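A short write-up of the structure that comes next.
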2 protein chains.
Amino acid sequence: MEADHVIRALAALAQEHRLAAFRLLVEAGPDGLPAGAIAERVGVPPSSMSFHLAQLANAGLVTQRRASRSIIYAADYAAMTGLMGYLTENCCGGVPCDNAAACGPATNRKNA
Amino acid sequence: MEADHVIRALAALAQEHRLAAFRLLVEAGPDGLPAGAIAERVGVPPSSMSFHLAQLANAGLVTQRRASRSIIYAADYAAMTGLMGYLTENCCGGVPCDNAAACGPATNRKNA
DNA sequence: TCGGTATTTCCATAATTATCGAATTGTGGA
DNA sequence: TCCACAATTCGATAATTATGGAAATACCGA
């Protein structure tokens, strides 16, 4: 995952309503949720939610598909896994799981 | 870690120069680096870097201490670990290390 | 106390992001 | 075809964030 892409993903999650929407979608699983339901549960007007969902989609964190009149959004777990991988590798010193996701200096990487 | 705090941390990392600075500090380890060296290596003027370092500090991702004339910044690994923990728990469906940090629907959490 | 170095704060400006009502597009049923 | 519904796009505005030079602050050695 490129640094540029990572920044888009981080920026996408760094907003109250978008983080709430993404958490909702992660919980919802692969079936996802229609845009209107997300807007209602997050508590923002549809046009605002549409703006935020577009940002999440642009960052690659969610997918969208049409089902009849609704557009269903779903979390892209692979993208989130990729983001976590980048952060672990580049911002945690490369310590992955040995210590319950504890981050440490980069020295560990070379020894491990 | 509160959602509000998480958003500040994500926003702090969601910027080219700040992400570069933070990666540098993670690599540098607990000894950290002086502000001037960070600015030079990231390639931004000192006043701009100071602005960005303040944001990282405000988000709790870095610590600062004075050493003679320099101010040394260092990555706060505990904060990063906390951020990773929140993302794993709330944005990855609670799948931690079983699958090399693979994210999945929230269903897994309840079964595990 | 004075000069020099490291860093931050101040300031103005440019650029980006968030908000949300109104208008528009796409879809399906009668 | 016509109507109603779901969602997006448009447009105008407000708010936040980024940038970098100049001035101010903190520290140290002589």
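These figures come from a predicted structure and were not determined experimentally. Sequence lines set the chain letters: A, B, ... in the order given, protein chains first and strands last, and positions in each chain run from 1.
- As judged by a 4.0 angstrom heavy-atom cut-off over every strand, A:P45 is placed among residues touching the sugar-phosphate backbone only.
- When rounded to the nearest whole Å, the span between CD of B:Q15 and P of D:dT17 equals 12 Å.
- Here D:dG20 presents its C1' atom at 12 Å from CZ of B:F51, a figure rounded to the nearest Å.
- Per the geometry, CD belonging to A:E40 stands 11 Å off P belonging to D:dA6, to the nearest Å.
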Quiz item: How far apart are the C-alpha atoms of A:C91 and A:C103, what are their side-chain angles, what is the distance that settles it, and do they pass the disulfide bond (SG atoms under 2.5 Å apart) test?
Solution: CA-CA 8 Å; A:C91 297; A:C103 302; over 6 Å; no

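- In this structure, B:H52 atom NE2 and D:dT17 atom P are separated by 12 Å, rounded to whole Å.
- Protein chain A contacts DNA chain C from C:dA18 to C:dG28, reading 5' to 3' and using non-hydrogen atoms of the protein with a distance under 4.0 Å.
- Transitive grouping of hydrophobic side chains (ILVMFWY, heavy atoms separated by less than 4.5 Å) brings B:V44 and B:L53 into a common cluster.
- Looking at heavy-atom distances under 4.0 Å, A:S70 makes contact with sugar-phosphate atoms alone, never a base.
- The backbone N or O of A:R18 lies less than 3.5 Å from a partner atom in the side chain of A:Q15, making a donor-acceptor pair.
- Here D:dG21 is the nucleotide among D:dG21, D:dA7, D:dT19 with the atom lying nearest to any side-chain atom of B:S47.
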Exercise. Summarise protein proximity over nucleotides 24-30 of chain D in one line of letters, 5' to 3': B for base, S for sugar-phosphate only, - for none, counting protein heavy atoms closer than 4.0 Å.
Key: --SBS--

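- Distance CG (A:L53) to P (D:dA7): 10 Å, rounded to an integer number of Å.
- One can place CD1 of A:I7 at 16 Å from P of D:dT17, the figure rounded to the nearest angstrom.
- Both A:L13 and A:V42 belong to a common hydrophobic cluster when Ile, Leu, Val, Met, Phe, Trp and Tyr are linked at side-chain heavy-atom distances under 4.5 angstrom.
- Rounded to whole Å, atom C1' of D:dA18 lies 9 Å from atom NE2 of B:H17.
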